Amino acid sequence: YADKLIKQMTQQENLGQLQQFTPKKGVITGPAGEKRDVELAIRQGTVGSFLGVKTTDELNRLQKIAIEESRLGIPLIFGYDIIHGCRTIFPENLGMSCSWDIEAVEQYARIAAEETAAFGYHWTFSPMCDISADPRWGRVSEGAGEDPYLGAKIAAAMVRGYQGDNLSSDKTIAACVKHFAAYGAPQAGRDYHTVDMSEVMFRNRYLPPYKAAVKAGAVTVMSSFNDFMGVPASGNRWLMHDLLREELGFNGFVVSDWAAVHEMIAHGTAADGKDAAMQGMLAHLNMDMAHGDYITYGEELVKEGKVSERTINELCREVLAVKYRLGLFDNPFKYGCHNHDEIMYRPENLQVAREVAANSMVLLSNNGVLPLAENTKIALIGPLADAPRDQIGAWQGFGEANHSVTIKKGLEDRFGAKNVIYVKGSDFRAPIKGGIEEAVRAARKSDVVVLSIGLGYKESGEATSLTEITVPEAQQALLDAVKKTGKKVVVLLGTGRAMDLRNEIEKADAVLVTWHGGT
């Protein structure tokens with residue numbers, strides 16, 4: 001089907017399938033690209049995909065333009081960052097991995113896929129398969145941590161959950177293996193930084209999750225921002241072609257990370273956008289996310305003989321094939337429904353989310369204070385005790401903070417509101433005037449102190465590298481103050497990364513890592 005269609009397409013239309021943009025009112029997840037009239041681009045067939053469209057109505061409106069007003073009516077493919085939930089939000093991925101429950105992870109992805117498809121999206125930029133052993137790196141929250149075996153099991157499970165047995169079903173979506181490759185090993189834990197390792201280290205420690213996800217049938221892959229062996233991943237033919245396609249057998253298409261093609265200029269390996277586009281195409285990177293170098297310079301590169309028409313056709317064919325497998329040529333509007341609210345927050349899905357959150361929690365220490373006895377008088381203190389947005393975590397998908405059952409609400413439901421004295425005590429990194437004094441008074445009126453501390457959602461995820469991975473000083477002061485009352489202290493640690501908890505382990509009677517637990 002793709003071969004037949006390509007014969008009818010102009011070169012600009014072929015190049016259009018290799019270009020992804022955001023809409024004028026889209027969600028921005030990286031540096032802004034060039035200003036473009038996206039509707040005109042759709043009519044001219046010079047864009048093949050969008051990411052970050054905010055509503056089902058807008059998505060369908062853009063698709064309608066593509067089907068009815070472009071020359072060949074080729075459907076658009078819409079992607080969105082659904083990382084640990086769509087509407088029903090699950091714990092951040094690092095937390096989910098701590099359940100070691102592969103079936104539950106697959107079930108998560110199946111629920112996320114159904115909700116995402118109901119909104120009208122065909123494609124998620126997940127799973128993140130990057131192994132990372134450096135908790136200073138913020139995006140450690142999005143993966144399965146440092147173990148390649150566990151990472152591989154989880155990566156494959158998420159692909160199966162997203163894509164199911166039938167990719168053309170209106171309840172499944174395309175998965176995207178990211179970030180290829182070794183993105184989780186930046187120097188000093190700094191996001192986007194250079195990666196330097198031997199091929200032996202890469203194959204033994206970092207490659208297994210990517211390989212497992214490809215073997216599970218993932219139809220798309222995302223190139224990483226970093227360089228690999230001195231060459232940016234988006235222009236690295238050994239990565240994109242020799243390893244990914246020839247060795248691992250991948251037969252879908254590769255999309256760059258946000259403007260990663262153009263960023264080869266900043267890497268110092270491309271002279272300008274035209275040179276960057278050439279390097280990306282020759283490396284066998286199919287789709288340029290956000291910036292526009294492929295559509296801007298592609299035709300010129302072919303005319304000059306720097307990129308062959310055959311290469312353009314091959315890159316285009318692989319994009320069209322995935323759209324065909326998704327069923328978009330049969331029915332471009334099969335995804336998305338006007339009654340999608342009926343699919344969100346289903347009781348059975350909320351129950352799964354609750355079970356996954358509970359099974360993700362890690363009890364690090366307990367001197368007998370847990371579990372709390374019936375009718376215990378609880379002083380609930382800390383900035384994460386009643387923080388629904390922070391609880392959702394770094395990537396919120398289409399999650400709604402007002403649907404989160406917070407720790408405060410959960411304890412009140414479980415032990416009775418009369419038995420829970422809530423005091424915020426401090427902000428994440430700054431004291432609140434009188435906060436410590438109020439926390440001490442609450443502690444003295446209680447049987448036990450439950451201290452809900454850690455990091456907010458803005459301190460996990462992309463571009464959130466930290467040099468210090470201890471609990472912030474303002475919250476440590478709360479721990480010290482309530483400890484002096486002589487009451488038992490239970491620390492609930494909300495976080496999206498591993499942390500240095502020597503202080504908390506020493507001073508608290510129990511430490512339970514709750515992560516950012518989601519809805």
Side-chain angles (χ1 to χ4, degrees), residues 88-92 95 98-99 345 347 350-393 399-428 432 435-436 438-457 471 475 478-479 481-483 485-495 501 504 507-519:
T88 304
I89 307 298
F90 284 68
E92 285 175 312
C98 289
S99 72
Y345 301 125
L350 290 171
Q351 181 61 25
V352 173
R354 186 185 189 281
E355 290 171 0
V356 171
N359 292 334
S360 296
M361 294 180 188
V362 181
L363 185 63
L364 295 182
S365 66
N366 181 24
N367 67 4
V369 66
L370 296 178
L372 299 182
E374 296 293 333
N375 298 315
T376 298
K377 195 84 167 177
I378 300 166
L380 176 60
I381 300 166
L384 277 164
D386 194 30
R389 176 59 190 90
D390 292 286
Q391 187 174 298
I392 287 177
E400 299 170 307
N402 63 337
H403 275 266
S404 293
V405 179
T406 65
I407 291 169
K408 176 177 178 289
K409 175 75 163 56
L411 287 178
E412 287 174 345
D413 288 349
R414 174 68 180 80
F415 291 94
K418 68 180 188 305
N419 286 324
V420 178
I421 308 167
Y422 165 64
V423 174
K424 186 176 183 182
S426 79
D427 289 323
F428 286 106
I432 295 173
I436 284 183
E438 193 178 4
V440 168
R441 285 194 295 271
R444 286 178 174 148
K445 294 177 185 176
S446 69
D447 300 318
V448 64
V449 175
V450 173
L451 199 60
S452 184
I453 57 177
L455 300 175
Y457 79 93
V471 173
Q475 298 177 66
L478 276 181
L479 172 57
V482 297
K483 179 70 175 174
T485 66
K487 298 299 175 84
K488 296 286 188 181
V489 179
V490 175
V491 166
L492 303 183
L493 185 82
T495 179
L501 299 174
E504 289 68 32
K507 295 175 181 176
D509 297 282
V511 176
L512 179 69
V513 182
T514 60
W515 307 107
H516 295 140
T519 301

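These figures come from a predicted structure and were not determined experimentally. The first residue in the sequence is number 1, and the count goes up from there.
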Looking at every non-hydrogen atom in both residues, tell me the closest pair between Ala439 and Leu478 and how far apart they are. CB-CD2, 3.9 Å

Could you pull out the closest heavy-atom pair between Ala379 and Ala442, with the gap in Å? CB-O, 3.5 Å

Calculate, to the nearest 0.5 Å, the distance between atoms CD and CD1 belonging to Glu504 and Ile453 respectively. 5.0 Å

CG (Leu384) and CG (Leu492) are apart, to the nearest 0.5 Å, by 9.5 Å

Between Ala401 and Pro388, the two heavy atoms sitting closest are O-CB, 3.2 Å

Which donor-acceptor pairs under 3.5 Å do the side chains of residues 418-427 make with protein atoms, sequence neighbours left out?
{"from": "Asn419", "atom 1": "ND2", "to": "Phe415", "atom 2": "O", "distance (Å)": "2.8"}
{"from": "Lys424", "atom 1": "NZ", "to": "Asp427", "atom 2": "OD1", "distance (Å)": "2.8"}

Got a sec, which residues hit side chain to side chain donor-acceptor pair (under 3.5 Å) with Lys409, two or more places apart in sequence or on another chain? Asp413

Mark yes or no for whether Thr519, through its side chain, and Ile89, through its backbone, hold a donor-acceptor pair below 3.5 Å. yes

With sequence neighbours excluded, tell me which residues meet side chain to side chain contact (heavy atoms under 4.5 Å, CB included) with Leu370. Leu363, Asn366, Leu372, Val490, Ala510

Heavy-atom side-chain contact between Lys483 and Lys488 under 4.5 Å: no

Give, for atom CD of Glu355 and atom CG of Leu350, the distance between the pair rounded to the nearest 0.5 Å. 11.5 Å

So CD1 of Ile378 and NZ of Lys408: to nearest 0.5 Å the spacing works out to 12.5 Å

Could you tell me if the side chain of Val362 sits less than 4.5 Å from the side chain of Leu493, heavy atoms only? no

Neighbour count >12 (heavy atoms, 6.0 Å) for atom CZ, Arg389: yes

Keeping the roles fixed (side chain from Ser365, backbone from Val511), state whether a donor-acceptor pair exists under 3.5 Å. yes

Taking Arg444's backbone N and O only, do any of them form a donor-acceptor pair with Lys487's side chain (distance below 3.5 Å, no angle check)? yes

Scanning both residues in full, the closest heavy-atom pair of Cys98 with Trp515 reads SG-CZ2, 3.5 Å

Sidechain-backbone polar pair: Asp447 side chain, Lys377 backbone, donor-acceptor under 3.5 Å: yes

Any idea which heavy atoms bring Ser404 and Gly518 closest together, and the distance? OG-O, 4.1 Å

Can a donor-acceptor pair be found, under 3.5 Å and without considering hydrogens, that links the side chain of Gln475 to the backbone of Gly454? yes

Could you pull out the closest heavy-atom pair between Ala353 and Phe90, with the gap in Å? CA-CE2, 3.6 Å

Look only at the side chain of His516 and the backbone of Leu455, and say whether a donor-acceptor pair between them is shorter than 3.5 Å. yes

Once you round to the nearest 0.5 Å, how far does CG of Leu411 lie from CG of Asp386? 11.0 Å

Supply the atom-to-atom distance Asp390 CG to Thr495 OG1, rounded to the nearest 0.5 angstrom. 11.5 Å

Any side-chain to backbone donor/acceptor pair from Ser452 onto Ile381? Under 3.5 Å, distance only. no

